[in-house]
Amino acid sequence: MTLEFIPTDEQGKPLHEVEYTVKVYTGKTSGAGTDANVFINLYGEKHDSGERPLKDSADNMNKFETGKLDTFKLMAIDLGKLVKLKVRHDNKGIGAAWYLDKIEVVDNRRKKTYYFLCQKWLAVGKDDGQISRELIPVDKSVLEKSIGKKDGARQDVALEIKAAMTTYYTKVVTGTVSGAGTDANVYMILYGDQDHTDKMFLKSSMTYKNKFESGHTDEFILEAVNIGKLLKIKIGHDNSGLLGAAWFLDKVIIDAPSLGCSWTFPCNKWLADNKDDCQLERELFPQELETVEYNPCVPYEIKTYTADERGAGTSANVYICLYGKEVITEEKPLCSKRERDGKFKRGKMDLFTVEMEDVGDSIEKLRIWHDNEGLTPGWKLDKIEVRKLHDSNKGSDTYVFQCGRWLARDEDDYSTSRELIPDQKLQEIMTSSGQSKVKEVKLRDKLKIRCKIQRKPSVDLEAKAIKYIKRVDSDQKLQEIMTSSGQSKVKEVKLRDKLKKKIYEVSVFTGDESSAGTDANVFLNIIGENGDAGERKLHKSETHMDKFERNHCDVFKIEAVDLGKLYKVKVRHDNSSFFKSAWYLGKIEIKDPTDNEVYVFYCERWLAKNKDDGKIERSLYVKGYTGEMGSSTGSINTMKYGSSLSLDSMKSSKSPRMSRKQMSMASSIVGIPEGEQRSWKKMLKECGAVSYKISVATGDGDDNGTVSNVYVDICGPKNKHTGKLFLDKEKFEPGCTDCVTVDALDVEDVRKIKVGHDGTAPGTGWFVKSVVIDIPSRGKHYLFNCGTWLARDKSDGKTERTFALDDGVSTVTSYKPMIPYECTVITGDREKAGTDMQITLTLFGTSGTSSPLILEKTGNRFERGSEDLIKLDIEDVGPLKKLRVETSGKGSRTSWYLEKVALFNMKTGEKTNFIHDDWLNKEKGYSKDIPAKIRGKEALDKTSYKISVKTSNVRGAGTDANVYVILFGANGDTGQLHLDKSETYKDPFENDQIDVFTFKDMLSVGEMSKCRVWHDNKGLGAAWHLANIEVEDLKTKKVYKFHCDKWLSTKEDDKQIVRELTCGTSSTPRSPGNKEVINYELEVETSGVDEAGTMHHGWIVIDGEKGTKKYKMHNSKVDKKLRRGTTNTFTFSCKPLGKLKSVTVGACEREDIPVGNANGKEAQWLCKKLSITDTVSGDKYVFSVNTWLPISEEAYDLADGKKVKVKAVEKGHIAVVRNLAAIKYEVIVYTGDVSGAGTNANVFITLFGEHGDSGKRPLKQSFRNLFEKNQVDKFTLECLDLGELIKVRVEHDNSGFRPGWFLEKVEVVNQGTSAMSEFQCHRWFDKDKDDGQIVRDILVAS
């Protein structure tokens, strides 16, 4: 029983009751009547009536029978204008199923009738299984259209109904645990922010006939009226079913296109009376950060007219895409595969209502295609009509697209895709007499419009908001407008000129490689500034019967609406040929018929599963394109002939479909309370941002991983913190370490971190083993050992925890701060210039040498004509002198044409170019040292080195092994030199023999400090006793001697085959007068204050222990020196001065611009400081001047000069290295105690210290099985004293039967001092585990 209490006004007078007459029309379909109890609820603008039973029919004793009208009276307070009606039955009785035609409700007070069209079953066993419906009122004119039609005109108002209702596309994901599926009847209740639905049974799955099976995702379509955005759902089942009612629900995903929102409701629980907590119903809430928001969609009514001729119908699945002035919709199927039966038959019109992005006021074109599936896929399409409601929902526009062509592989031009432009646009308006009129619209001027694509985002977020130039066209537009009287009328709307169709000539060049041709089906999509042509099969070649054969050019014609300037193609094949699928594509050329412009797209790669990188699809960019290609980072560039942006380039734009997690990642204030955001923004402006490298390690247990959204908040002193930094990872797998790099507020000194996630459902917890925060620009490495659960259903239920540095288990390690660089790598525009070899860079500067840096081969990097921007953190090596580029020599393309590498120091703003413009390959070498180009001049000179190697005169001293050497000096090192062909002996390195080798045209390493010599231990007599090595610089005539007098042998002496030798003596060249001279570098810094600089010459007198030197610093109009705020470098030679004591510095006038009557600062120079470097010893003498110096008439006027003594002496690296002793290091390697921890691969280590590195050393021992599970292996390495150790690089070559290796730690003991350095790892070196790396740099433990 329902009781309604009548509300009163302020005076206590009851509000008016209104009588509503409810007329219920049961359909005429067989079995349409019902014996169930029916209930109704009326909703008005003011109130709702509450649910009322429809008991006593005024027309029939036996109500709700087939084809009958039943009338009921209902009293309620004034509801106002009715907006919807909810009707249901209780499913009781023998014949509960009910086919409801419509309901009419008469407001007897206002004499107004509302028409609610249903024409659907309310039945558990029919239609979509619902026994409750929400209906909206429709115009009477719609019902009049239904006269003579069976059971009314629901399809005539399908568009209006779709617009008034909200459609919820629901995906129900059943778990994968044993017995997860159910045979019970599942229902759902949606709760919105305005209302909620009744129980809606999930009966008709769009994806599976047998629904709710283990691992299945079942899709359903649910409809409701005005319940708003979802807050929660209830889902349950009736515990029925013969085979099993228990159900393990993973999650529910609900997408509401008309609201522009998609929600994820995690469950991960049983719905069963005998499992878990024995609940059959669950209340689920949306996972906040997985909620996706995008621009709301609108419904379109699409009518397809299949031609009335033999074979015109299709069995394929049909898709459509609409183009507007500013928006392109996503690709959409016209119906699901389950709804496919009976559609697209010969001579038939099919109507579909599809929700897609709002393309705006005008539909400029459409693309329609099919997937060529089924027995009879060929389709002849007569025309398409697309109807779209006006924004007011009063009136509509109908666009007519004439086609009259086949979409078939064996008809017409063999294309299964067509692009159509509208031939008519109808604007429908109902007149007072109820008639509709249609007016035709003539075309007029063309107009260019900015256009933006909207698509659903992929996993890597490639599809984002994209703008490009687009031409508008359409022929005719008829617009339907509803008048104030509720009638419609049609008027003609003027349209612009048509977009022009073009026929593009596509030439496909198969390469001249062995077995280059393919028999697979090839597909191509052409992309331009006006959009894309859609994927087309390259079916019939105009040049060859057997297409895509080796060294053939196949020509195809593709018809498409004007694409504008072309910049990209996507090409693929389907790998369908069993014997001949692999294809080597040389290039694609596309000719635009309008201006005959030819666009060239180079490939020069295989599209093959078993060759190259295994890909059978490639994206190719037009020759000359300089925009972003998706794989590279950096700012967006433009094409040289236009301003369009590539479809893959908008990485920084906000996506039309973006989860709240993604929006949080794009926002700089995520996780900051609203009240703190202003002060936080101020702090960001003051402190700036830095890059944080965050590594999180997940526990090893099977349930330790999570699919939740994980975040880290980094906290420093004075309440500084970064806010929540979300880690862009879909799943954190057990036993893996995931790494991300993010830019965020610089907190200066990390004190603690907050780690958490948004998982609330059972099973979404996460066991975090450790978190590492690395700040390269500050040289800080923070390790937080966590070892705890973040889970609602485990431990203490917390999903966020704080970890502090002072907790006793966390550590911080300091190292030399890194410098951020932007590295631009330009591959030449030559045939086969691209490569897939591994590329490594090493930088050499005035202050040292960087560690080798591997440039990852991702996407289109290092392809022909490409310009790739890569961000790197590199050790501070000072101003750059040279760059070493090394390639692995491995891969399917082992040649690379490198044009240039440019390095931009983001700290100093200096850009250094390294120009190669040549190949790196087997013939020209896989490694190249390239000098820096500074102001058009190479920073290093070339020279030749003559290397004389003296083998000792002891028994068995000679060797048959291959010998190598590296020379080290002030400018870095030479790289590996193979002492291959002796100039003095045919059989080198024999007893008491001197072998001479000359290496020509090498970059000078400057003053030498040491050499590293070794052999590969191959041959019958590998052991070698080396007496000494002598190196002569043939340009400077300097000779450097390196004494050894030791064995290089695994069996003799200390069993070392690598020796590092210091430069014991060096003889300096003699001048013509037979006097010894050396080079000095003079560095002069002029103050930055106003007028500090001078246009005149500077001079200096240097006093040393062994003599004096005068030197003039020349200035000129062309070579400007000594200017305000600059530092200038000069080089001079003289006899050795010994230790420097003092200098006198001054200035003198230039002959071409006398000082004359100038006075004050105009006739002075403010020298700030200067330094002099002895290039032999490397010692640098620093002098502080800070004095205004007068411009004198003559140079070296000591009275006008300033004499200053040495302020500091910086010991040179050369001198330091020459004085280092050889040290033996014991390397102790601990393999972990986990399953499969051992390795059969070859392991290598490099030690890095303050004095350099050891070089890459193999860790080998004879007759011992190394690196087994829980094993400790010890090795001895000899090298020059490295000083305090900084890090080690450990790697293996991935060889052997089981190369994967779990390294626990490495200990290195200096056997000279017994000092031990520990390097904790606890990581896999395995391409299939952890992060897939087999090379790791490990910092010394603090």
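Side-chain atoms are counted along with the backbone in the values below, which use heavy atoms only and exclude waters and symmetry mates.
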If we ignore angles and hydrogens, is there a donor and acceptor under 3.5 Å between the side chains of [X] and [Y]?
X    : Y    : result
S205 : T207 : yes
E364 : S362 : yes
R367 : Y323 : yes
T594 : K502 : yes
K162 : T167 : yes

Look only at the side chain of T518 and the backbone of S581, and say whether a donor-acceptor pair between them is shorter than 3.5 Å.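 Yes: the side chain of T518 pairs with the backbone of S581.
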May I ask you to decide if I526's main-chain N or O and Y504's side chain share a donor-acceptor pair within less than 3.5 Å?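 Such a contact is absent between Y504 side chain and I526 backbone.
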Where does the angle between the aromatic ring planes of Y208 and H216 fall among parallel (under 30°), tilted (30 to 60°) and perpendicular (over 60°)?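 Ring orientation of Y208 relative to H216: parallel.
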What orientation do W263 and Y168 show, parallel under 30°, tilted 30 to 60°, or perpendicular over 60°?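 It falls in the tilted class, 30° to 60°.
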Those residues that, when tested against [X], pass salt bridge (charged side-chain N to carboxylate O under 4.0 Å, His left out) (two or more places apart):
X    : value
E535 : R572
R418 : D412, D413
R536 : none

Rounded to the nearest 0.5 Å, what separation is found between the NZ atom of K383 and the OG1 atom of T306?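 If we round to the nearest 0.5 Å, K383:NZ and T306:OG1 are 12.5 Å apart.
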For M188 and L202, what are the C-alpha separation, side-chain angles and deciding distance, and is it a side-chain contact (heavy atoms from CB on, under 4.5 Å)? CA-CA 7 Å; M188 186 183 295; L202 306 183; 3.9 Å; yes
